[in-house]
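Along the sequence shown, residues are numbered consecutively beginning with 1.
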Amino acid sequence: MHTHGEHAGHSTAMFKNKFWLSLVLSVPVVVFSPMVGHLLGYQLPQFPGSAWISPVLGTVIFFYGGMPFLKGGLTELRSRQPGMMLLISMAITVAFVASWITTLGIGGFDLDFWWELALLVVIMLLGHWMEMRALGAASSALDALAALLPDEAEKILDGDTVTVPIAELAVGDVVLVRSGARVPADGQIVEGTAEFDESMITGESKAVPRTTGDKVVAGTVATDNTVRVRIEAVGSNTALAGIQRMVADAQASSSRAQALADRAAAWLFWFALAAGVLTAIVWTLLGSPDDAVVRTVTVLVIACPHALGLAIPLVIAISTERAARSGVLIKNRLALERMRTIDVVLFDKTGTLTEGAHALTGTAPVPGVSEGQLLAWAAAAEADSEHPVARAIVTAATAHPEAARLGLRGTDFTAATGRGVKATVDGAEILVGGPTMLRELGVATPASIAAQTQAWSDRGAGILHVLRNGEIIGALALEDQVRPESRDAVRALQARGKRVAMITGDARQVAEAVGAELGIDEVFAEVLPQDKDTKVTELQSRGMTVAMVGDGVNDAPALARAEVGIAIGAGTDVAMESAGVVLASNDPRAVLSMIELSQASYRKMVQNLAWATGYNIIAVPLAAGVLAPWGILLSPAVGAVLMSVSTIVVALNAQLLRRINLDPAHLAGTSTDNDRRAVEQPATATAR
């Protein structure tokens, strides 16, 4: 995206500093302007040198405050792509030259535009400062990705460990990855077993068991045990580096759009230039060379109305503020403009449409065992485990009246990674584990609960069996719950004519179950992390404009590739840096706030630009003298006043944006009762 500041190669702070200093200098320029004094009917202060205050300070403002526009205009001229910078530089240059001619008394012209030059520079600096501040700092997605890697690694040499910078690692080296440490480079486990937190790569909350022979990825964390890893890829060959490249490529591919104001400015530049040339020719041919100069200068100066410089920045600044108050952080103005045109919203499943955390959603005790007893025994066995599944079981037992009343406690706790846990509870040996544990023990699911567990399995739930002294006493279903707000978000988006799609690495039956429950239009299942970007491209190839909503590092390339990337608030730093919009909350209904704001702000942009350009269409011909035969001429002073009026109209119109209601619940038509009923419904999704 080419902002005005980027055209000139300057920063937000630069525009801010130039604005304040130019504003201070412009006050005496305006006060000591003969044209302003005449318009307002006051006598200019007179003292030795007072006549030079406006010319001297106006010259300082022209070169100091106007330099970004002069440089930007020259750049646009060289590239043959006229826009806002060239339009501004043309107006202030003509005003500067004409004002000095008047000040020096050359030709007897009355073209004192010092005050207009000063105000034009100040207002344009304000507009560009507001615009760049609203856009925010440049994306640091690549830096956030790099931050996932540790600075050092523990390399194993002759049986000893040596701490070395990761830049010194080579393929074939063996490193020690301790519990809680990050893997320094892609590799293969050669010794040990551990559960790895791969959420920064996959977006998944569930730790994944890895053992000897399994691959591990740079940036992931060993959560419970120490392992030894043989390095297989370093530097630019790692998976993390590949994601970095995809993010960079996607950002580059989505940065070719041109801002609405730039298109209007380009049109106005040619309009003003043609009008100026035509004015000079016509008045000269009519035998009035003096009028030709005055009319041409007036046309070129008022051709850049203040309103055009503020039309878009004001709307962006107010929209950004309103969005922030509603929990929507706009990082990219093009995302704001594009959101109104999207055809499909592509949601990542885990952590976006779902809670991203395990919850107990079903119990199946065998005959003779109550639900409370089953939960109490399972929770007692899991109490000393830090695994997310264990915490879900303990939480459910605490909330269950009978289980809480029993208050069982476990001892002799042991855990087998990827299999389950074992503890002694009330004198009995309690085992809680999954299918692997049952196979190792040679135990089959009792017929009394087989139908229930099969139904859970068919919808993709995670199933744990509870054994007491070697016999199965029941089973538990654990799933990643669908957010209650997701149903309302999908329904409201579809009501607005938007297609809703979901993407996940889950097995197809799991994805289809969630999709069916939410009424999703299209489901992409079993998608590898590196392929999410491809699915966005696939939707775009069908002629659709895509808004992608995600939260993980693996979502970053897709967020950058989509026309609008929206990061959910609980997501990773990388996802948020790659997105054009960040939702401060985890409420997917906030996407509706973005659409509403986009439509409202676009209307204001169009209205403001219509006023600004409409003013030109009327004022420029009048300044050129098309109605001179009937005695109607727009003087330079009146033209300048009309420019100020135009600015006030634009500013007031932009303020109306503050009246729109961006509350997600309001836009989704959601009541508190609806939310409560949604929470009470069981979920049908599992963590990917």
Side-chain angles (χ1 to χ4, degrees), residues 134 136 203 316 318-356 481-503 518-520 545-552 555 558-559 562-573 575-602 657-672 674-675 678-679:
I316 290 174
I318 295 175
S319 297
T320 303
E321 177 193 344
R322 290 288 293 110
R325 291 180 181 273
S326 302
V328 179
L329 173 62
I330 299 172
K331 300 182 59 195
N332 185 322
R333 71 170 174 191
L334 291 180
L336 176 65
E337 182 180 338
R338 290 169 176 165
M339 194 65 189
R340 68 185 180 84
T341 66
I342 62 165
D343 302 307
V344 57
V345 181
L346 177 62
F347 285 99
D348 173 54
K349 182 181 78 69
T350 306
T352 304
L353 291 176
T354 65
E355 298 285 357
Q481 285 189 307
V482 170
R483 296 185 189 278
E485 304 88 357
S486 296
R487 300 175 178 86
D488 298 310
V490 172
R491 174 185 51 77
L493 284 169
Q494 291 169 336
R496 287 173 175 255
K498 310 298 182 184
R499 187 172 176 83
V500 181
M502 184 184 75
I503 190 167
L518 294 178
I520 300 290
T545 304
V546 182
M548 167 72 186
V549 187
D551 68 332
D555 299 324
L559 289 171
E563 279 79 6
V564 180
I566 304 173
I568 201 79
T572 64
D573 290 341
M576 290 189 282
E577 292 297 344
S578 299
V581 180
V582 177
L583 305 183
S585 69
N586 296 328
D587 188 347
R589 295 176 302 183
V591 174
L592 297 167
S593 302
M594 184 61 186
I595 295 175
E596 182 73 14
L597 182 63
S598 176
Q599 293 172 339
S601 62
Y602 186 79
L657 278 172
R658 301 185 185 279
R659 300 169 57 184
I660 64 173
N661 189 341
L662 297 178
D663 177 51
H666 167 75
L667 295 175
T670 307
S671 68
T672 303
N674 287 339
D675 283 345
V679 170

Heavy-atom side-chain contact between Ile566 and Val345 under 4.5 Å: no

Heavy-atom donor-acceptor pair, Thr352 side chain to Gly550 backbone, under 3.5 Å: no

4.5 Å side-chain heavy-atom contact, Leu592 and Leu493: yes

Contact check, side chains of Ile595 and Ile342, non-hydrogen atoms, under 4.5 Å: yes

From CZ (Arg491) to CG (Leu518), nearest 0.5 Å: 12.0 Å

Distance in Å, Ile520 CD1 paired with Arg499 CZ, rounded so as to fall on 0.5 Å steps: 10.5 Å

Nearest-0.5 Å distance, CD of residue Gln481 to OG of residue Ser486: 11.5 Å

Pairing residues for Arg658 by the side-chain hydrogen bond (donor to acceptor under 3.5 Å, both in side chains) criterion, not counting sequence neighbours: Glu321, Gln655

4.5 Å side-chain heavy-atom contact, Arg483 and Arg589: no

Counterpart residues, side-chain contact (heavy atoms from CB on, under 4.5 Å), relative to Ala501 (two or more places apart): Val344, Leu346, Glu522, Phe524

Any residue meeting side-chain contact (heavy atoms from CB on, under 4.5 Å) with Gln494, in chain and number order, not counting sequence neighbours: Val490, Val500, Asp521

Leu667 side, atom CG; Asp488 side, atom CG - distance, nearest 0.5 Å: 12.0 Å

Heavy-atom side-chain proximity of Tyr602 to Thr341 below 4.5 angstrom: no

Nearest-0.5 Å distance, NZ of residue Lys349 to CE of residue Met502: 6.5 Å

Atom pair OG/CG of Ser319 and Leu657 - distance to nearest 0.5 Å: 4.5 Å

Whether Arg338 side chain and Ala547 backbone form a donor-acceptor pair below 3.5 Å: no

Asn661 and Glu596, any side-chain heavy atoms less than 4.5 Å apart: no

Heavy-atom pair of closest approach, residues Ala668 and Ala492: CA-CB, 4.0 Å

Nearest non-hydrogen partners of Arg340 and Ser598, listed with the distance: N-OG, 2.8 Å

